[in-house]
Amino acid sequence: MKTGIFIFAFCILLIGSMSAQEDKVLEETEQGREERGPSLNFGADIMSRYIWRGYDYGNSPAIQPNIYFSWEGLNIGAWGSYAFTSRSMEVDDTTIVNLGNYSECDLYISYTYKWFTLMFFDYFVINGLNVNEGNKYFNYNNETTGHTFEVSLAFEGPENWPLILSASTLVYGNDKCKDSNGVFGMGDKNNFSTYFEAAYRIKFKKIDLELKPFIGGTPFGSAWYGPYGGITNLGLTAKKGIPVTTKYSIPIQASVITNPQMQSIFLVFGISF
């Protein structure tokens with residue numbers, strides 16, 4: 001186990017996609033710098049799959065809208081993901097449960113100073129079968145809330161050294177330790193699940209192409225990431241602008257994502273508006 005943790009830490013320092021939400025925040029920060037003033041922006045991504053830190057949420061294509069206010073280094077916004085089709089879960093050999101369409105709505109605030117961005121996320125998953133039942137949005141009791149709060153710190157280097165490093169910890173809400181049977185997520189105390197990620201942007205400006213290798217994982221077990229520490233998110237993202245006019249292009253992206261801990265692989269395509 002110690003050897004595995006050492007290899008994981010070493011890989012984190014060598015290379016490294018941010019999660020969908022974090023990557024969006026950093027893109028918004030870069031755009032805000034170019035606009036040099038307060039602005040309100042909105043848009044949406046259509047993704048063939050919603051893969052977050054190496055895990056598939058929804059098993060379906062999804063639309064991911066966002067709206068945010070940006071001024072100087074401050075960003076305040078909302079991000080969501082809504083699956084096109086319903087999903088099911090196999091409980092045992094004879095029982096399959098319909099979970100409905102995966103729906104998520106997150107709020108966030110971030111502040112960027114030079115190369116560092118401090119982010120606060122409020123993750124909230126909506127009942128996929130009936131949006132008016134299940135988790136109550138205004139319930140913030142730590143023991144029963146459907147919210148999960150996370151604090152993240154990201155470093156994004158300058159253009160001549162475009163390394164991105166991030167560390168994220170769930171600090172409140174729906175993230176619990178093991179219960180008496182050793183099952184993560186069922187205990188009484190917060191688990192403080194933590195995720196590290198590293199990425200490196202490689203830009204080819206003449207052809208408007210960006211490649212980004214990435215690696216991420218957790219140092220210990222969690223209901224969010226897996227029963228033990230290790231790498232959960234490893235792959236490569238390519239982004240490119242498809243010209244529509246001389247001044248406007250449509251961003252598209254493709255990612256190959258593996259989760260070594262779960263022995264899974266995904267090939268994801270997305271388009272932004």
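When all heavy atoms are compared, the tightest approach of Q263 to P260 is NE2-O, 3.0 Å. The shortest heavy-atom contact between L236 and F214 is N-CE2, 3.3 Å. Nearest approach of A199 to L163, heavy atoms of both residues: O-CD1, 3.4 Å. Residue Y195 comes nearest to G216 through the heavy atom pair OH-CA, 3.5 Å, listed as atom of the first residue, atom of the second, then distance. Considering every non-hydrogen atom in both P65 and I63, the closest pair reads CD-O, 3.5 Å.
Taking the six-membered ring for Trp and the full ring otherwise, W52 and Y102 have centroids separated by 6.0 Å or more. Close placement of the Y140 and H147 rings is indicated, their centers lying within 6.0 Å of each other. Taking the ring centroids of Y68 and F42, they lie at or beyond the 6.0 Å cut-off.
At least one side-chain heavy atom of K176 sits less than 4.5 Å from a side-chain heavy atom of N142. The side-chain heavy atoms of S222 and D175, taken from C-beta on, include a pair separated by under 4.5 Å. Proximity of L234 to I257: side-chain heavy atoms (C-beta onward) are nowhere separated by under 4.5 Å. At least one side-chain heavy atom of I215 sits under 4.5 Å from a side-chain heavy atom of I231. Side-chain contact check for I271 versus I250: some heavy-atom pair is nearer than 4.5 Å. Side chains of S168 and F121 form no contact here, defined as non-hydrogen atoms less than 4.5 Å apart. Taking 4.5 Å as the limit, every side-chain heavy atom of T112 sits out of range of all side-chain heavy atoms of N75. Looking only at side-chain heavy atoms (C-beta outward), I46 and F273 come within less than 4.5 Å of each other.
Applying the ring-ring contact (aromatic ring centres under 6.0 Å, His included) definition to pairs two or more places apart or across chains, those involving residues 157-193 are F149-Y172, F155-W161.
Counting non-hydrogen atoms of other residues, nucleotides and ligands closer than 6.0 Å to CG of D188 gives a total of 12 or fewer.
Distance check: N59 CG to R87 CZ gives 9.5 Å after rounding to the nearest 0.5 Å. We find the OG1-CG distance between T148 and D106 to be 9.5 Å, quoted to the nearest 0.5 Å. Atom CG of N139 sits about 3.5 Å away from atom OG1 of T144, to the nearest 0.5 Å. For the atom pair NZ of K212 and CD1 of I164, the computed distance is 5.0 Å after rounding to the nearest 0.5 Å. In this structure, M47 CE and S60 OG are separated by 12.5 Å, a value rounded to the nearest 0.5 Å. The SG atom of C177 lies 7.0 Å from the CG atom of N190; values are rounded to the nearest 0.5 Å.
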Evaluate the side chain to side chain contact (heavy atoms under 4.5 Å, CB included) criterion for residues Y108 and W79: first the C-alpha distance (whole Å), next the side-chain angles of each, then the deciding distance (0.1 Å), finally the verdict. CA-CA 8 Å; Y108 62 85; W79 181 96; 4.2 Å; yes
Would you sort out whether N191 and W224 count as a side chain to side chain contact (heavy atoms under 4.5 Å, CB included), showing the intermediate values? CA-CA 10 Å; N191 193 57; W224 283 64; over 6 Å; no
For a side chain to side chain contact (heavy atoms under 4.5 Å, CB included) check, start with the C-alpha distance between V151 and L118, then their side-chain angles and the critical distance, and finish with the verdict. CA-CA 8 Å; V151 176; L118 180 64; 4.1 Å; yes
Stepwise side-chain hydrogen bond (donor to acceptor under 3.5 Å, both in side chains) check, Q261 with T232: CA-CA 6 Å; Q261 187 170 140; T232 64; over 6 Å; no
Please report the C-alpha distance between N181 and M186 in whole Å, then the side-chain angles of each, then the deciding distance to 0.1 Å, and finally whether the side chain to side chain contact (heavy atoms under 4.5 Å, CB included) criterion is met. CA-CA 9 Å; N181 295 319; M186 302 302 291; over 6 Å; no
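Among residues two or more places apart in sequence or in another chain, the salt bridge (Lys or Arg N to Asp or Glu O under 4.0 Å) test is passed with R49 by D56. In terms of the salt bridge (Lys or Arg N to Asp or Glu O under 4.0 Å) criterion, residue partners of E159 (sequence neighbours excluded) are, by chain and number, K205. Residues satisfying the side-chain contact (heavy atoms from CB on, under 4.5 Å) test with I202, not counting sequence neighbours, are Y200, F204, L211, P213. Every side chain to side chain donor-acceptor pair (under 3.5 Å) that T194 has, sequence neighbours left out, goes to T169.
Side-chain polar atoms of Y50 and E104 form a donor-acceptor pair below 3.5 angstrom. Between the side chains of T145 and N174, not a single donor N or O lies within less than 3.5 Å of an accepting N or O. A donor and an acceptor atom, one from each side chain of N233 and N259, are nowhere located under 3.5 Å apart.
The residues E150 and R53 are annotated as salt-bridged, a charged nitrogen and a carboxylate oxygen being separated by less than 4.0 angstrom.
The main-chain N or O of F269 is found under 3.5 Å from a side-chain atom of S48 such that the two form a donor-acceptor pair. Side-chain atoms of K240 come within 3.5 Å of backbone atoms of I207 as a donor-acceptor pair (strictly under, hydrogens ignored).
Residue F220 shares its hydrophobic cluster (ILVMFWY side chains chained together at separations under 4.5 Å) with no other residue.
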